[in-house]
There are 2 protein chains.
Amino acid sequence: MFGSLWSLPVSESRPRIIPEATVARLAVYLRVLAGLAGDGRSHVSSGELATAAGVNPAGLRKDLSYLGPCGVRGVGYSVSGLRERLTTALGGERSRPCVVVGLGRLGAALADYAGFASRGFEFVGLLDADPQRVGDCVGGCTVRPIADLESVVADTEAAIGVITTPAEVAQSVCDRLVAAGVRSILNFAPVALTVPPGVDVRKVDLSVELQVLAFLDQQRDGGRQPVTVPVHAGLGAQR
Amino acid sequence: MFGSLWSLPVSESRPRIIPEATVARLAVYLRVLAGLAGDGRSHVSSGELATAAGVNPAGLRKDLSYLGPCGVRGVGYSVSGLRERLTTALGGERSRPCVVVGLGRLGAALADYAGFASRGFEFVGLLDADPQRVGDCVGGCTVRPIADLESVVADTEAAIGVITTPAEVAQSVCDRLVAAGVRSILNFAPVALTVPPGVDVRKVDLSVELQVLAFLDQQRDGGRQPVTVPVHAGLGAQR
DNA sequence: AACCGCTTGTGAACGCAGGAACAAAGTCGC
DNA sequence: GCGACTTTGTTCCTGCGTTCACAAGCGGTT
């Protein structure tokens with residue numbers, strides 16, 4: 001692949017587009033590498049990394065190849081070197097301010113989770129509509145009323161918004177976050193959010209996860225459970 | 001007209017294999033339908049359902065076609081009929097007992113979430129290694145010591161295990177759950193679990209979600225796009 | 001200095017999901 | 001009763017992601 005095209009003065013050789021699925025796995029590799037570094041390992045092979053991350057070795061190498069040559073043939077990957085590379089590729093070590101809207105149990109759990117802080121995600125704004133929760137201190141930050149959303153986002157320059165509100169208000173909260181300047185949203189509310197172009201939304205739907213498991217469970221038990229599909233289920237237009 | 005192909009004695013028309021991605025979307029459709037039923041709607045078109053679920057109308061119809069003909073051409077889908085069919089396809093309405101291991105904030109949030117109970121997921125066993133948490137009552141269930149894992153799973157015939165423990169103990173907890181008879185596991189610990197064949201694992205990795213957002217954010221800032229689009233321009237990236 | 005084994009990086013093929021277009025089928029209006 | 005409109009169900013096609021397999025390169029050894 002190289003040779004013919006490289007004579008062209010391509011402005012950038014690195015920023016080949018990275019598939020989103022690959023990005024997600026890179027984050028996993030980075031975490032595994034952190035563990036290996038803690039164990040004092042200096043080098044690691046693709047096979048070992050792959051099993052620790054739960055993926056195929058060839059796929060792992062292809063994922064890493066998006067960053068350019070990272071390893072040494074015959075030896076493997078330098079743990080520290082690869083960590084550095086992955087860290088910068090995923091957005092650097094700089095602290096990323098986040099706001100959480102909806103400090104129910106789930107929101108509080110996220111705001112208090114230490115695993116985020118160690119990756120540079122800092123929860124600098126907590127917002128809730130319930131006056132009884134306002135003033136609570138969660139994870140070293142004080143809960144403020146939802147009316148302060150715009151000012152909190154502006155003051156903290158928050159880059160990521162986490163929505164853990166009831167479904168009914170999720171869209172309006174989302175709109176306000178976007179209007180205030182947040183361009184990345186992690187949505188736990190069970191609704192499909194509508195956002196303008198240029199804003200990224202990722203959705204985590206815990207009910208769906210459970211329901212998929214239930215489906216797989218049923219499918220496995222398929223021989224046992226005759227399903228009992230009512231013949232002629234009456235979907236016809238009875239109207 | 002009809003007859004040429006239809007005369008073939010196709011062995012089975014129903015149990016076509018359903019892709020897992022489709023199953024996940026079916027769960028979303030089911031939830032949207034519940035909302036529509038609450039609004040008193042009797043029929044709905046694929047277009048309306050698709051926008052509410054955040055997917056493509058053609059894709060939605062293809063998803064539903066895995067269940068066989070569900071709608072009426074020229075009219076749409078019967079809300080109640082489609083609900084019934086999706087419910088049975090996803091595993092029926094029967095209560096599915098679940099156990100949660102690790103009653104930290106996240107585990108407690110899950111155990112207490114009412115949205116699960118309404119879908120038939122019942123948390124019948126809560127386990128934690130911390131003696132200080134044992135005896136607590138979360139969501140109407142009492143936390144028991146981790147030593148009771150096997151007996152709790154056996155007594156409740158739990159089908160689904162939710163792991164919200166620290167990463168270090170997740171694999172051992174998983175092994176014990178599987179040995180006790182659990183065949184579906186939802187893992188929130190940031191490790192790749194190893195399970196024997198016949199056991200399904202789904203992983204939810206919140207750090208990865210944030211890190212993907214950070215990557216997209218960085219990639220967007222590569223072109224320095226001030227965005228400034230508070231205007232409700234249109235449908236953005238939905239994921 | 002040359003060989004050999006080990007590991008990476010990449011090219012190619014396969015399978016799958018997603019999207020658009022089209023035909024079948026049913027309803028509503030006249 | 002008939003025609004036109006609406007909406008589903010399906011088929012084709014394109015693109016992406018994943019896996020397999022092999023050549024290239026590096027270190028250690030003789």
Side-chain angles (χ1 to χ4, degrees), chain A residues 1-6 13-14 16-26 28-29 41-51 53-79 81-82 85-86 192 212 233 235-239, chain B residues 1-6 10 13-14 16-26 28-29 41-51 53-79 81-82 85-86 212 235 237-239:
Chain A
M1 170 147 188
F2 30 107
S4 59
L5 291 176
W6 279 35
S13 60
R14 182 59 39 74
R16 297 154 71 181
I17 56 144
I18 304 182
E20 209 166 296
T22 292
V23 173
R25 283 190 295 267
L26 293 181
V28 175
Y29 306 154
R41 297 284 304 275
S42 68
H43 283 267
V44 67
S45 70
S46 66
E48 192 178 356
L49 247 185
T51 52
V55 300
N56 185 298
L60 180 139
R61 291 198 298 272
K62 177 161 284 195
D63 284 342
L64 294 182
S65 76
Y66 285 105
L67 312 176
C70 295
V72 180
R73 301 179 187 225
V75 176
Y77 299 92
S78 153
V79 172
L82 191 53
R85 203 108 187 247
L86 285 177
V212 172
L235 291 182
Q238 49 117 11
R239 119 193 205 114
Chain B
M1 291 198 175
F2 46 91
S4 60
L5 289 176
W6 285 29
V10 180
S13 59
R14 181 60 37 75
R16 298 153 71 179
I17 59 147
I18 305 182
E20 207 165 299
T22 291
V23 174
R25 283 190 295 269
L26 292 182
V28 176
Y29 306 154
R41 297 283 305 275
S42 69
H43 284 265
V44 65
S45 71
S46 66
E48 192 178 356
L49 246 184
T51 53
V55 300
N56 186 296
L60 181 140
R61 291 199 296 272
K62 180 176 287 190
D63 286 340
L64 294 183
S65 76
Y66 285 105
L67 311 178
C70 295
V72 181
R73 302 180 186 222
V75 175
Y77 299 92
S78 154
V79 172
L82 191 53
R85 191 167 269 205
L86 284 177
V212 171
L235 307 182
Q238 188 80 26
R239 190 170 245 281

Practice task
Map Lys62(A) and Val75(A) onto DNA chain C by nearest heavy atom, then report which one ends up closer to the 5' terminus.
Solution key: Val75(A)
In whole angstroms, how far is the [atom2] atom of [N] from the [atom1] atom of [X]?
| X | N | atom1 | atom2 | value |
| --- | --- | --- | --- | --- |
| His43(A) | dC6(C) | NE2 | P | 18 Å |
| Leu64(B) | dT7(D) | CG | C1' | 13 Å |
| Leu82(B) | dT7(D) | CG | C1' | 14 Å |
| Asn56(A) | dC14(C) | CG | P | 18 Å |
| Glu20(A) | dG18(C) | CD | P | 13 Å |
| Asp63(B) | dG9(D) | CG | C1' | 13 Å |
| Arg85(A) | dT8(C) | CZ | P | 15 Å |
| Leu67(B) | dT10(D) | CG | P | 11 Å |

Ignoring backbone atoms, test whether [X] places a side-chain nitrogen or oxygen under 4.0 Å from the OP1 or OP2 oxygen of [N].
| X | N | value |
| --- | --- | --- |
| Ser46(A) | dT8(C) | yes |
| Tyr77(B) | dG9(D) | yes |
| Ser65(A) | dG9(C) | no |

Handout entry: Test applied, side chain to side chain contact (heavy atoms under 4.5 Å, CB included); reference residue, Val55(A); option that passes from Leu49(A), Leu60(A), Asp63(A)
Key = Leu60(A)
Closest nucleotide among [options] to the [X] side chain:
| X | options | answer |
| --- | --- | --- |
| Ala21(A) | dT18(D), dG9(C), dC20(D) | dT18(D) |
| Ser45(A) | dA20(C), dT8(C), dA17(C) | dT8(C) |
| Arg25(B) | dA25(C), dA21(C), dG18(C) | dG18(C) |

Completion exercise
On DNA chain D, more 5' by nearest nucleotide between Gly76(B) and Val55(A) is Gly76(B)
Exercise for the section: For Val72(A) and for Arg61(B), locate the closest nucleotide of DNA chain D by heavy-atom distance; then report the residue assigned to the nucleotide nearer the 5' terminus. Expected result: Arg61(B)
Exercise for the section: Could you tell me whether Arg25(B) and Glu20(B) make a salt bridge, using a distance below 4.0 angstrom between a side-chain N and a carboxylate O? Expected result: no
Practice task
Please confirm whether any donor atom in the side chain of Arg73(B) sits under 3.5 Å from an acceptor in the base of dT8(D), or the reverse.
Solution key: yes
Problem - Close side-chain approach of Leu64(A) and Tyr29(A), heavy atoms under 4.5 Å - result: yes
Exercise for the section: Remember a base hit wins even if backbone is also touched, and classify Gly59(B) as base, sugar-phosphate or nothing at under 4.0 Å, heavy atoms. Expected result: nothing
Exercise for the section: Before giving the answer on side chain to side chain contact (heavy atoms under 4.5 Å, CB included), spell out for Tyr77(A) and Ser45(A) the whole-Å C-alpha distance, their side-chain angles and the decisive distance to 0.1 Å. Expected result: CA-CA 6 Å; Tyr77(A) 299 92; Ser45(A) 70; over 6 Å; no
Problem - Distance (rounded to the nearest 0.5 Å) between Asn56(B) CG and Arg61(B) CZ - result: 8.0 Å
